[in-house]
Amino acid sequence: MNTQPTLFSPALAARFDKLVTLYPIKRSALVPMLLYAQDEVGYLSDAVIAEVAERIGVSELEVRNVISYYSLLRTRPLGKYHVQVCTNISCMLRGGNEILEHCKKKLGIPSKGVTADGLFSLEEVECIGACCWAPAAQVNYDFHENLTPDSVDEVLADYRAKAGNGEKK
Amino acid sequence: MATFSTHTDCVPIVSYRFGKGATSIEEYIRLQGYESARKAIALGPDGIIAEVKASNLRGRGGAGFPAGLKWSFVPKKSAKPKYVLVNGDESEPGTCKDRLIFEQDPHAVIEGTIIAGLSVQAKMGFIYLRGEYRYLLTIMERAVADAYAKGFLGKNIFSSGIDFDIVTQTGAGAYEVGEESALMESLEGKRGIPRIRPPFPAVVGLYGGPTIINNAETIATVPHIFRIGAVEYARIGTERNGGTRLFCLSGHVEHPGVYELPMGYNLKKMIYEVGGGIPGGKKLKAVVPGGASTPALTADEIDIGMDFDQVGKAGSMLGSGGVVVLDETTCMVEFALRTMKFYAHESCGWCIPCREGTDWLKKTLTRMHEGGGVENDIDNIRYLAENILGRTFCPLGDAAAMPTIAFVKKFRKEFEAHLDGRGCPYRHATEPEPALV
Amino acid sequence: MADVTLTVDGKKFTTPAGTLLIEACRAHGIEVPAFCYYPGLSLQAACRMCVVRIEKMPKLQTACTTTVAEGMIVTTESPEIAQARKATIEMLLGNHPLDCPVCDAGGECELQDMTFKYGAHESKFVEIKQHRDEQQWSPVVFFDRPRCILCYRCVRVCGEGMDVWALGVQNRGVGSVIAPNRQDHLDCEECGMCIDICPVGALTSGAYRYKTRPWEMSHVGTICAHCGDGCKTTLGVRRSSDGMEIVRGDNRDKSGINGDFLCIKGRYAFDFANREDRLTQPLIRQAGADLRSVSWDEAIEFAGLKLREIRDSKGGSAIGVIGSNRTTNEEAYLLQKFARTVLATNNIDHHRTADYPAYASALSGKSEASLRDVGSARAILLLGNDPTEQHPGLAWQIRTNVRLNGARLYVANHRLIRLRRQATAFLQIRESNYAALISFLGGASPPAGAQNAAAFRNAVRKEESLLIVFGSEFCGRDIEALLKFGSTLPSVKFACLGDYANSRGAADMGLYPDLLPGYVPVSAAAHFTEEYSAGLPTQPGLDIMQMLDAAERGELDALYVVGANPVARYRRNGTALRDTFLIVQDMFMTETAQVADVILPAANLYEKAGTVTNTFGDLQLVKKAADRAGVRTDFELIVRLAAAIGADVKKLVPFGPRGVHADFGQARGAQSGEADRHGVWLSAHHLEPRLSPFDPFAIFDEIQRLVPAYDVPRLDLLTGNDQHLRSELVQIEKPVSRPDLVLPSNDTLFTSGSLGLYSKTLHSVLEARQPVETAAD
């Protein structure tokens, strides 16, 4: 078991200890480990990269090579709620671009921007696999489908409220 | 979350358990679940492969390679362990069928993986979901845990003396990883750059071992073949195109959705009857028959049966089953641009023609759509696409080039209408459309 | 494997099965272009330039990933193929800056060549090019991203070749970029292999960039002046205001024993030669005054007369001579001949970095490995040393052999040296246990604390053919024991590691108080006496420590130091040498030169012709590349000093009618005015200006006669091919081994004895590598 000091919560650290044993090679755990680390820390900081490199037994360069390849992995913090609006063909045909414009206006940020309060970030993304329920968006990992500007307002309001509750706790 | 659609022409084979609570292993078992795996154990490797061959099941990822044949390429003896790899990295624009399978019937994927493993005596399977489908990982992990608890996975599965393990994981956002060798790289913790072939995965695949790799729909279909019988399954489709397929009907149709229809189902019928036609009584302009990478068909090319061979004959491909419908208000330059923007974004960057060509095409199409196009651009777009086609390291270059060539060939007038500073005629001619519900 | 017959462009030929099509084509004179393909590195199929048409294949195929097959019919040039290549280049050029006029690679750029060949001269691209600022990744590595064509050669040579893995590929699509391992800079060996292998000007050298255009240089292939591996380096030289200046070192000549490889020293650390503070004026000190500049004649006259006076009054034993590890064989040989015949002394020695006499003695009748053998041996046993740091060329050959040929490497060391990563088995022992290790290998119990020792020994002893490489941890009896153990194995070759460019040559040429050239004891000098037609002192002289001790005690009247810095090397107090008449030949005002009475500015190994012998016994030709006005070769200076003493120059250097084998210009390289200078001197001394006593090849004959191991085919040598010494002809029986005198340099990749101190590049790299320590100071 790993007894090194860790950046991660005990639960996540324990999960990582197990993760590296699931595959025929340790390195296979890299992409999942980066995802879970990002979920907990918010982004892949230098310290996270260093620890993941250590756990997997590869260089930090290797870890960075991998991170930069995958569009879901990021080395900078985003909003607490990352709004990803699909504008790929099926969504485009059903108003995906308009949904994106609406989000930009509503949040006051461009694609890849973060709101000043750090609550939301916005990104125009490629197909998310919701073509038959277009236009669609994902907020973090949650799907929101058959969107209209009005339903987008509701979705954003829900997250805002959720954050408000979260803060009170 | 994703909803399954149905129509009287639908034939529920793969979708047999959709909407019936089959995520619960008890419910799955009640609906004949895991019986196929037991049958497969009884049949043994050769029997399994013979059955899959007899079903005429062809790969549902896009290329349509006969599944039984693919499995038979795995050598019987191997110094290295063999693996089964389920490609759930569904990323082809216009395609959302695997998502539904994982969500509605996760055990079918597990059972299919077990049967594939039995067919080549593999001891381990991996189910790789695309990163955006994180919620499905929760479903799959739960299902896998339940299967372990029942003794269907792990040591001595079904008391057969055979061991089989499954590991599930997601990717992290990369279309290219849907390419089978890139998927193996990704699963080995690397950048999703395809591998040089030969050797092919059946001989040297994951971790250097012989590997069966199939699309999730293909794998999920396998238990159903054993459930209803290969001959019965083959009978449903057309010649050399066994069974049914999950078609994802999207874009300008009244009832977009995922429909399970027999292979060879008429495309026109699919749009106008299953899909309920085009909203607002508008005219059809084009159909992308099998996901973004397949060349578009014009309105008068759609009276064809949707199987690999017939769509191929029509100059396109059945692809991943993503049928995207475009009405007369669609700007084909914008559509071509959006398609190319996707491929430029998703090109892994490994080889020159794909990396540089897609970016160049994206830039030219962007300029053109914004009104900066010059006459040479149209030929140039075609020249670039034709010089990407067949020259790239993996099929992604072809996927970007083929639809582009078709757009220019079939809709050249629309490109010409953008020239001389005019920009997009559709943007000016029509009021901004309200988002269709 | 069996052979297959295929047809390429109508030419039918047979080639071994398994050969890559691109290699088969190249071997038969059909050049298939490629950016990403590079022999010996992993396959990429990324650039798509090597596409060819193979009959029965639907698409064009990449020749770099296709293996030949029986009956294959291939077309490598056709309108279709040319179009494919042209389009690929067009796409590359779409975003390429086309700043060729100011690009270092301009004129030797593979992208330029391909563009020229396939005619992608018309740009279809009208978008704005993406500009990115150039980045400096280290003192010697610069990266210009828009120029990069992403062939991944740099990534592979750094990882697969060097085992450093400091470069990666990041992002994807058109954003793909080569990235260094520390985000904005490199932490690596600074070998520059990435720069050399770059087909375009994306990676450029901090030492060379913007200095010149390639066609303005002459390229001279010679031997690196630094470590004992003797890598071939090609120096790019250019006329400067005071001679010929070296502007670049590279390994374009891949015929050398180092193949593709050069380390930081071979590639950049030639810069000591270009330093402003080189000594270029003879200096003398008279009557305790300060050093003053004098003419060459005055300086040599002054030194010569003084030496003669001491020799004649007190005898040769009052004079000492210290030779160099970095002069040529001819110079080392001449120096000992001068000492013994002109100065009449055996007080001669040099800084020893390996116990070559013990090795030569133990080797008798056994085989010595060349560096090339290291690249092809089936199995290698590496004992002691850290080749990654101390013998980078050897380390490269070992790694390459393991990687490409699956050679087995066994490493025993007291440190966790990096080559253990290539090792089949690694055995860590205590530093004091190397002797115990040999007995263990021979059958005794394992050295204390060694883990898995038995398995290690079993594996080693099972090898049917083994190459044993050992470091300076082994001296004297240990070498004897090791070679004795080795000879119990079925087939074995040995290599003994010493540190400098010609340490081995200095030893072979008899820079010893007790040994003549070829390790012949001074007591058995008959053969030499006859050849030299002079009596030789037969008593062993003083070794280097004894000479320095004697000088400090005021008991040594004169000391002649050629290309060495004993004051610094042996941590002596320079002022203690004040009573000794000290003549120093050097490039720089070293600690030893500072206390000298006569300083003669000397040329370095890049400024002269001759031969050197690497530590493996590979004899190689050194060609004159650079020139610095105001310096003389050590060879010339020794001859002139002898003349000033009054010796018969013709006896010292047997030139003239007997020296017909002299160099006829092959070795001169980029000479500048040297022939004229010789002519003037020869005329002034009433000598025939046809063959010169300053020509080192005038004495090479004599070396070949007296040192049979050096009797190698001269034609091959003069055409620049390394010649392995005939080690079976070493004649030595029982030398006096002096392990106590062996002082390894313990150089790292970034140091090179005292010579390294004069390299700006090595300095800048060392400084850049220690930012933390510097900040803390």
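To find a chain, count down the sequence lines: A is the first, B the second, and so on, and within it residues start at 1. Just the heavy atoms: all of them, side chains too, but no hydrogens, waters or symmetry mates, feed the values below. On a predicted model such as this, the values are computed, not experimentally measured, just so you know.
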Legend entry - Contact origin within B:Thr330 toward chain A - heavy atom pairs under 4.5 Å: side chain

Inset, instruction - Side chain from CB out, backbone as N, CA, C, O: work out which of these in B:Leu249 comes under 4.5 Å of a heavy atom of chain A, or both, or neither. - result: backbone

Legend entry - Under 4.5 Å from any heavy atom of chain B - which part of A:Thr87: both

Inset, instruction - Answer with side chain, backbone, both or neither: which region of A:Glu101 has an atom nearer than 4.5 Å to a non-hydrogen atom of chain B? - result: neither

Inset, instruction - Please state whether the side chain, the backbone, both or neither of B:Ser5 comes within less than 4.5 Å of a heavy atom of chain A. - result: neither

Legend entry - Within the 6.0 Å centroid threshold, strictly below: B:Tyr135 and A:Phe143: yes

Inset, instruction - For side chain to side chain contact (heavy atoms under 4.5 Å, CB included), just list the numbers for B:Leu187 and A:Tyr23, CA-CA rounded to whole Å, side-chain angles, deciding distance to a tenth of an Å, and then say yes or no. - result: CA-CA 9 Å; B:Leu187 193 55; A:Tyr23 299 89; 4.2 Å; yes

Legend entry - Contact summary for B:Ala174 and A:Tyr69, nearest pair of heavy atoms: CB-CE2, 3.5 Å

Legend entry - Contacts of residues 36-46 of chain A with chain B (heavy atom under 4.5 Å): A:Tyr36, A:Asp39

Legend entry - Interchain contact, B:Tyr175 with chain A, by part (heavy-atom threshold 4.5 Å): neither

Legend entry - Choice from B:Lys97, B:Glu176, B:Glu334, B:Glu346 maximising heavy atom contacts with chain A below 4.5 Å: B:Glu334

Inset, instruction - Would you indicate whether the side-chain heavy atoms of B:Lys190 and A:Glu62 approach each other to under 4.5 Å? - result: no

Inset, instruction - To the nearest 0.5 Å, tell me how far A:Asn88 CG sits from B:His345 NE2. - result: 10.5 Å

Inset, instruction - Under 4.5 Å heavy-atom distance to chain B, tell me which part of A:Asn97 shows up: side chain, backbone, both or neither. - result: side chain

Inset, instruction - Could you check which of B:Gly192, B:Gly131, B:Cys348, B:Ala292 has the highest count of heavy-atom pairs closer than 4.5 Å to chain A? - result: B:Gly192

Legend entry - NZ (A:Lys104) with more than 12 external heavy atoms under 6.0 Å: yes

Legend entry - Options B:Arg130, B:Lys341, B:His255, ranked by heavy-atom pairs under 4.5 Å with chain A, top entry: B:Arg130

Legend entry - B:Glu254 bridged to A:Arg94 by N-O distance under 4.0 Å: no

Legend entry - B:Val177 side chain near A:Tyr70 side chain, heavy-atom distance below 4.5 Å: yes

Inset, instruction - Return the minimal non-hydrogen interatomic distance between B:Ser250 and A:Cys131, and the atom names on each side. - result: CB-O, 3.2 Å

Legend entry - Heavy-atom pair with the smallest gap, counting every atom of A:Ser90 and B:Gly94: OG-CA, 3.6 Å

Inset, instruction - For residues B:Gly251 and A:Leu93, report the shortest heavy-atom separation together with the two atoms involved. - result: CA-CD1, 3.9 Å

Inset, instruction - Would you mind checking which part of B:Leu206 comes under 4.5 Å of any heavy atom in chain A, side chain (CB onward), backbone (N, CA, C, O), both or neither? - result: neither

Legend entry - Heavy-atom closest contact (B:Arg99 atom, A:Gly129 atom, distance): NH1-O, 2.7 Å

Legend entry - Residues from residues 25-35 of chain A approaching chain B under 4.5 Å (heavy atoms): A:Ile25, A:Arg27, A:Ser28, A:Leu30, A:Val31, A:Pro32, A:Leu35

Legend entry - chain A contacts, top residue of B:Glu188, B:Arg134, B:Gln169, B:Glu132 (heavy-atom pairs, under 4.5 Å): B:Arg134

Inset, instruction - Look up atom CG in B:Asp165 and atom CG in A:Leu22, then write down how far apart they are to the nearest 0.5 Å. - result: 9.5 Å

Legend entry - Leading residue by heavy atom contact count with chain A [cutoff under 4.5 Å; candidates B:Gly173, B:Cys96, B:Ala172]: B:Ala172

Legend entry - Nearest heavy-atom neighbours spanning A:Cys127 and B:Pro93: SG-CA, 3.6 Å

Legend entry - Side chain to side chain, B:Arg338 and A:Glu126, heavy atoms closer than 4.5 Å: yes

Inset, instruction - Please indicate whether B:Lys123 has more than 12 foreign heavy atoms, meaning atoms of other residues, nucleotides or ligands, lying under 6.0 Å from its NZ. - result: yes

Inset, instruction - Select one option (side chain, backbone, both, neither) describing which atoms of A:Val63 are under 4.5 Å from chain B's heavy atoms. - result: neither

Legend entry - B:Tyr207 portion near chain A, given a 4.5 angstrom heavy-atom threshold: side chain

Legend entry - Non-hydrogen side-chain atoms of B:Val258 and A:Trp133 separated by less than 4.5 Å: yes

